[in-house]
Peer 1: 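Supplied in structure tokens, the structure appears directly below.
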Amino acid sequence: MKKIWLVILLLTGIAGVGRAAEVQTEFQPLEFRGKPFFLLGNWDARMEKNIRAVHPFLKAAGMNSVMLGIDFNDEKQYAEDLAVIRWFRDNQPEVAVIIDLQLSFILKEIGSKKLVPVPAAELPARREKFARTLQELRGYGNVLGYSIDELENRLHCTLDEWRKTAKLDQEAMDTALARYMEVAVQWVTAEIKTTHPEALFMPVQAWWTTYDQSDKLYDVLIANEYPVAGDQNQKQTYYTVAYDAQLAAAATRKYHKRCFVYCPPGFNVLASGAWKDAREYTREELRYLWFMPISSGAMGIMGWRQRRATPEFSENILFPVMNEIKALTPWFLGKQLDRAVRCSRDGDVTEYKVRKRSRMTDDEDDEFYIRPVKTITWIARRNPADGSVLLLVCNNSYQPEQVFFTFSEPIDAAYALELFSNQTIGLGGRFKVELKPYDVKAFMLPDAGRMRN
């Protein structure tokens, strides 16, 4: 990470802008302890399961959120898990806790890799324990929300039987699956709204085809995609994050939800599937995968996963990128000024061959389609502390791109500082941005007080 621009960021505290080509609903930030909150987290935040603390280097890199599980089926472990959440409440109250709900409690296992919604006869006992737990957690004050990991991948194996009994066998697969998921989590979401109404339901959804199928599946969607790294002469799949984030943003707007959170890769050790022989991400590649969803409106990043990251990868690749996001958080939470900026490439798309559903287990789905991805995504935000503006720009194309930005009215700033390269660019009536494939640039306009939507 370039120390020069980080020092500038931390000393001056700089912020955001907006878009003129499209008038879109503005996403609202999360709130934690009554204040706007840009979530920055990573799975496996603790170094080991029995250590009740965020990994110290993760904490230094800006991590402010942690996923913690509760074992509802083992009383001893249940008590220990609650004790860990209390430890965070008492020792690191600034860290927001998201409860990763236990799948074997939320669903019922009926065989190997076969899960179904909990039968009606078994629900009262589970609801009673869940309600009691929610009531206690509400009193802790440090629980932001509750999550379930990739419900689609748990239920699709038993979907066909349920479709017949529910008389939905003529429905499209993703529509039927969304109804099935609604049935599975209805008792969970109802109990959260009744007993812990301040908390959010924040599931990680795996299939992008389900995001816009129901408004009952999430308060805040956590979308996830883990592209395979590759050299320039090798097929890369970084664009899947852009496509995925685009669909998450569209579904969030469709259902008038507050915002969405994105879960990008944060690992270099995964010897299975498509990642088995892949090289690890470079810092520039990881920067793109973490910043790109933000350029589409994400109000939080939850990386996956620390336990699969070596110390060298964490120190040299992962933590520097997290530090960059941490430094820019005041702008991400600042006023959205997208209507004050015009981009010459707003209507352009790049077409990619993408899997119909992602991410099905065991590569079960071999259907592919040609789909458009916005070539350039960007946001502009103002830091309320000093009026400075951040223009974050991402190239989602496999080839170099050039783009011009103009402002809807004259601004006071004479130059922009590109933070990752520490280069100064003069501002005239417009300014040109050159982008490499899958590139990210962050421009700071240090004196843009007159800029308005």
Peer 1: Does any N or O in the side chain of Arg154 come within less than 3.5 Å of the main-chain N or O of Leu107, such that one atom is a donor and the other an acceptor?
Peer 2: no

Peer 1: So, is the end of the Lys356 side chain (NZ or CZ) under 6.0 Å from the ring centre of Tyr369 and within 45° of the ring's axis?
Peer 2: no

Peer 1: Determine the minimum heavy-atom distance between Leu333 and Pro36, stating which atoms define it.
Peer 2: CD1-O, 3.8 Å

Peer 1: Could you walk me through whether Arg339 and Glu26 pass the salt bridge (Lys or Arg N to Asp or Glu O under 4.0 Å) test, one step at a time?
Peer 2: CA-CA 11 Å; Arg339 296 187 185 94; Glu26 294 182 352; 3.7 Å; yes

Peer 1: Give, for atom CD1 of Ile106 and atom CG of Leu151, the distance between the pair rounded to the nearest 0.5 Å.
Peer 2: 9.5 Å

Peer 1: Check whether any side-chain heavy atom of Ser147 sits under 4.5 Å from a side-chain heavy atom of Ile99, and report yes or no.
Peer 2: no

Peer 1: Check Lys254 with Asp215, please: is the shortest side-chain N to carboxylate O separation under 4.0 Å?
Peer 2: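 The answer is no: the pair does not qualify as a salt bridge.
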
Peer 1: Is atom CZ of Arg33 surrounded by more than 12 heavy atoms (other residues, nucleotides or ligands) closer than 6.0 Å?
Peer 2: yes

Peer 1: Going from CD on Glu312 to CD on Glu280, what distance comes out if it is rounded to the nearest 0.5 angstrom?
Peer 2: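 Here the rounded value is 9.0 Å.
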
Peer 1: Ignoring hydrogens, what is the shortest heavy-atom contact between Phe27 and Ala249? Give both atom names and the distance.
Peer 2: CZ-O, 3.6 Å

Peer 1: Where do Gly303 and Asn42 come nearest, in terms of heavy atoms and distance?
Peer 2: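 That would be O-OD1, 3.0 Å.
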
Peer 1: I'd like to know if the side chain of Asn323 and the backbone of Gly62 have a donor-acceptor N/O pair within less than 3.5 Å.
Peer 2: no

Peer 1: Any non-hydrogen side-chain atom of Leu221 less than 4.5 Å from a side-chain atom of Pro203?
Peer 2: no

Peer 1: Within the 4.5 Å heavy-atom criterion, are Met444 and Val389 side-chain neighbours or not?
Peer 2: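 They are not in contact (no side-chain heavy atoms under 4.5 Å apart), so the answer is no.
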
Peer 1: So, the side chain of Asp439 versus the backbone of Lys436: is there a donor-acceptor pair under 3.5 Å, distance only?
Peer 2: yes

Peer 1: Locate the shortest heavy-atom distance separating Pro29 from Arg258; write the atom from each residue and the value.
Peer 2: O-NH1, 2.6 Å

Peer 1: Ring-plane angle category for Phe332 and Phe38, please: parallel below 30°, perpendicular beyond 60°, tilted otherwise.
Peer 2: tilted

Peer 1: Between Trp378 and Asp346, do the side chains contain a donor N or O and an acceptor N or O under 3.5 Å apart?
Peer 2: yes

Peer 1: Measure the acute angle between the ring planes of Phe267 and Tyr281, then classify it against the limits of 30° and 60° as parallel, tilted or perpendicular.
Peer 2: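 Rings of Phe267 and Tyr281: perpendicular, over 60°.
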
Peer 1: Got a sec: does the CD of Glu198 have more than 12 other heavy atoms crowding it under 6.0 Å?
Peer 2: yes

Peer 1: Do the side chains of Met302 and Ser65 get nearer than 4.5 Å, heavy atoms only?
Peer 2: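 The answer is yes; the side chains approach within 4.5 Å.
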
Peer 1: Which of these passes side chain to side chain contact (heavy atoms under 4.5 Å, CB included) with Glu152: Asp174, Thr209, Leu217, Thr210?
Peer 2: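 Exactly one pass, corresponding to Thr210.
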
Peer 1: Regarding Arg430 and the six-membered ring of Phe405, is the cationic atom NZ or CZ under 6.0 Å from the ring centre and inside 45° of its axis?
Peer 2: no

Peer 1: Using 30° and 60° as the class limits, which term best fits the ring planes of Phe32 and Phe37: parallel, tilted or perpendicular?
Peer 2: tilted

Peer 1: Taking Ile85's backbone N and O only, do any of them form a donor-acceptor pair with Arg89's side chain (distance below 3.5 Å, no angle check)?
Peer 2: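 Judged by distance alone, no pair lies under 3.5 Å.
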
Peer 1: With a 3.5 Å cut-off and no angle check, do the side chains of Thr375 and Ser397 form a donor-acceptor pair?
Peer 2: no

Peer 1: Could you check whether any side-chain N or O of Asn91 sits under 3.5 Å from a backbone N or O of Trp87, counting only pairs where one atom can act as donor and the other as acceptor?
Peer 2: yes

Peer 1: Minimum heavy-atom separation for Leu289 and Pro265, please, with both atom names.
Peer 2: CD1-CG, 3.6 Å

Peer 1: Between Glu150 and Asn224, is there a side-chain donor-acceptor contact under 3.5 Å, judged purely by atom types and distance?
Peer 2: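 Glu150 and Asn224 do have a side-chain donor-acceptor pair below 3.5 Å.
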
Peer 1: Could you go step by step and tell me if Tyr218 and Phe260 meet the ring pair (Phe, Tyr, Trp, His ring centres under 6.0 Å) rule?
Peer 2: CA-CA 10 Å; Tyr218 52 84; Phe260 72 99; 10.0 Å; no

Peer 1: Are Lys35 and Glu94 close enough for a salt bridge, meaning some N to O gap below 4.0 Å?
Peer 2: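 Salt bridge absent between Lys35 and Glu94.
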
Peer 1: Decide whether Gln205 and Tyr211 meet the rule of one side-chain donor and one side-chain acceptor closer than 3.5 Å.
Peer 2: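 Looking only at side-chain atoms, Tyr211 and Gln205 do not form any donor-acceptor pair under 3.5 Å.
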
Peer 1: Can Thr237 and Tyr352 be counted as having a side-chain donor-acceptor contact under 3.5 angstrom?
Peer 2: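 Absent: no donor and acceptor within the cut-off.
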
Peer 1: Is Arg86 close to Glu136 at the side-chain level, that is, under 4.5 Å between some pair of heavy atoms?
Peer 2: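 Result yes, sub-4.5 Å side-chain heavy-atom pair found.
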
Peer 1: Is the backbone of Tyr78 close enough, under 3.5 Å, to the side chain of Asp71 for a donor and an acceptor to pair up by distance?
Peer 2: no

Peer 1: Who pairs with Arg307 by salt bridge (charged side-chain N to carboxylate O under 4.0 Å, His left out), at least two apart in sequence or on another chain?
Peer 2: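 Residues passing salt bridge (charged side-chain N to carboxylate O under 4.0 Å, His left out) with Arg307: Asp44.
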
Peer 1: Give a yes or no on whether the backbone of Asn396 and the side-chain of Lys374 come within a donor-acceptor separation of less than 3.5 Å.
Peer 2: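 Answer holds: no.
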
Peer 1: Is the backbone of Ser421 close enough, under 3.5 Å, to the side chain of Glu418 for a donor and an acceptor to pair up by distance?
Peer 2: yes

Peer 1: Quick check: do Leu155 and Met181 have side-chain heavy atoms less than 4.5 Å from each other?
Peer 2: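 A side-chain contact under 4.5 Å exists here.
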
Peer 1: Could you measure the distance from the CG atom of Asp149 to the CD atom of Gln102? Nearest 0.5 Å is fine.
Peer 2: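 Output value for this atom pair is 13.0 Å.
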
Peer 1: Can we say Arg287 and Glu324 salt-bridge, meaning some charged N sits less than 4.0 Å from an Asp/Glu carboxylate O?
Peer 2: yes

Peer 1: For Arg345 and Glu401, run salt bridge (Lys or Arg N to Asp or Glu O under 4.0 Å): C-alpha distance rounded to whole Å, both residues' side-chain angles, the deciding distance at 0.1 Å, then the answer.
Peer 2: CA-CA 10 Å; Arg345 305 291 302 278; Glu401 299 289 349; 3.0 Å; yes

Peer 1: Kindly assign one of parallel, tilted or perpendicular to the pair Phe319 and Phe57, based on the angle between their ring planes and the thresholds 30° and 60°.
Peer 2: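 Geometry flag for Phe57 against Phe319: tilted rings.
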
Peer 1: Taking the six-membered ring for Trp, are Phe420 and Phe443 ring centroids under 6.0 Å apart?
Peer 2: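 Between Phe420 and Phe443, the centre distance exceeds or equals 6.0 Å.
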
Peer 1: For the backbone of Asn316 and the side chain of Arg283, can you confirm whether one donor and one acceptor N or O come within less than 3.5 Å of each other?
Peer 2: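 Between the backbone of Asn316 and the side chain of Arg283 there is a qualifying donor-acceptor contact (under 3.5 Å).
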
Peer 1: Checking side chain to side chain contact (heavy atoms under 4.5 Å, CB included) against Val241, which of Trp290, Tyr438, Tyr226, Tyr262 comes through?
Peer 2: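 Per the side chain to side chain contact (heavy atoms under 4.5 Å, CB included) rule, the option paired with Val241 is Tyr262, out of Trp290, Tyr438, Tyr226, Tyr262.
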
Peer 1: What's the shortest heavy-atom distance between Arg355 and Trp208, and which atoms?
Peer 2: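 Smallest interatomic distance, heavy atoms only, reads O-CZ2, 3.0 Å.
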
Peer 1: Does some side-chain heavy atom of Leu435 sit less than 4.5 Å from a side-chain heavy atom of Gln402?
Peer 2: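 Side chain of Gln402 against side chain of Leu435, heavy atoms only: no contact under 4.5 Å found.
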
Peer 1: Heavy-atom distance under 4.5 Å between the side chains of Lys216 and Val185, does that happen here?
Peer 2: no

Peer 1: Are more than 12 heavy atoms, taken from residues, nucleotides or ligands other than Glu315, located less than 6.0 Å from that residue's CD atom?
Peer 2: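 Open.
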
Peer 1: Verify whether one side chain among Asn153 and Trp207 offers a donor that lies under 3.5 Å from an acceptor in the other.
Peer 2: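 Looking only at side-chain atoms, Trp207 and Asn153 do form a donor-acceptor pair, the distance falling under 3.5 Å.
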
Peer 1: Say whether, by atom type as modelled, one donor and one acceptor occur between the side chain of Tyr255 and the main chain of Ser214 under 3.5 angstrom.
Peer 2: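 Confirmed, Tyr255 side chain pairs with Ser214 backbone.
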
